[in-house]
Amino acid sequence: MPEREIDTSGPEAPIETVGNHDLIASDRVEGTAVYGLDHKKVGHVHNFMVNKRTGQVAHVIVSDSGLFGLGATRFLLVPWSDLTFDADLDGYICHISKDMMSDQGRMSAEDAEMQIW
């Protein structure tokens, strides 16, 4: 069994490391910024969908929180495998853009969950 270590050096809550794998609590993923390939922020992780049989994260729901946090919020379902964590941005990079959020985003998180890629 790998030894568990807790990294308390960062400004946020600790990240638990087990062996060579970095683990993060689900409530730390939710709210994390999401950036397009151009490194412009497109939204944040609203929540993520876990396959209840395998335990693997399948998708995240990205929210744009509306314009300046006001107005209609749009949600977009993105495969987890499309996100890459960027430590410099302290967020995830993926293929979506602001235009995709506007054009393809759903008006509710429930509608986004039903979206098929």
Step-by-step side-chain contact (heavy atoms from CB on, under 4.5 Å) determination, His46 to Thr73: CA-CA 11 Å; His46 175 73; Thr73 300; over 6 Å; no

Mind checking the [atom1]-[atom2] spacing from [X] to [Y]? Nearest 0.5 Å is all I need.
| X | Y | atom1 | atom2 | answer |
| --- | --- | --- | --- | --- |
| Arg106 | Ile61 | CZ | CD1 | 11.5 Å |
| Tyr35 | Asp90 | OH | CG | 7.5 Å |
| Leu76 | Asp111 | CG | CG | 12.0 Å |
| Tyr92 | Thr84 | OH | OG1 | 10.0 Å |
| Leu77 | Ile96 | CG | CD1 | 10.0 Å |
| Lys52 | Thr54 | NZ | OG1 | 12.0 Å |

Decide yes or no on side-chain contact (heavy atoms from CB on, under 4.5 Å) for Ile93 and Phe85, but give the supporting numbers first. CA-CA 6 Å; Ile93 296 177; Phe85 187 76; over 6 Å; no

Of the non-hydrogen atoms in [X] and [Y], which two are nearest, and what is the gap between them?
| X | Y | value |
| --- | --- | --- |
| Asp88 | Asp86 | N-OD1, 2.9 Å |
| Ser108 | Phe75 | C-CD1, 3.4 Å |
| Asp82 | Cys94 | O-CB, 3.3 Å |
| Lys41 | Lys98 | O-CE, 3.3 Å |

Just say parallel, tilted or perpendicular for the rings of Phe48 and Trp80, cut-offs at 30° and 60°. tilted

ring-ring contact (aromatic ring centres under 6.0 Å, His included) against His44, all qualifying residues, sequence neighbours excluded: none

May I ask whether Val50 and Val78 are part of the same hydrophobic cluster, defined by side-chain heavy atoms of I, L, V, M, F, W, Y residues being less than 4.5 angstrom apart, directly or through others? yes

Are any side-chain N or O atoms of Asp64 and backbone N or O atoms of Arg74, one a donor and one an acceptor, separated by less than 3.5 Å? yes

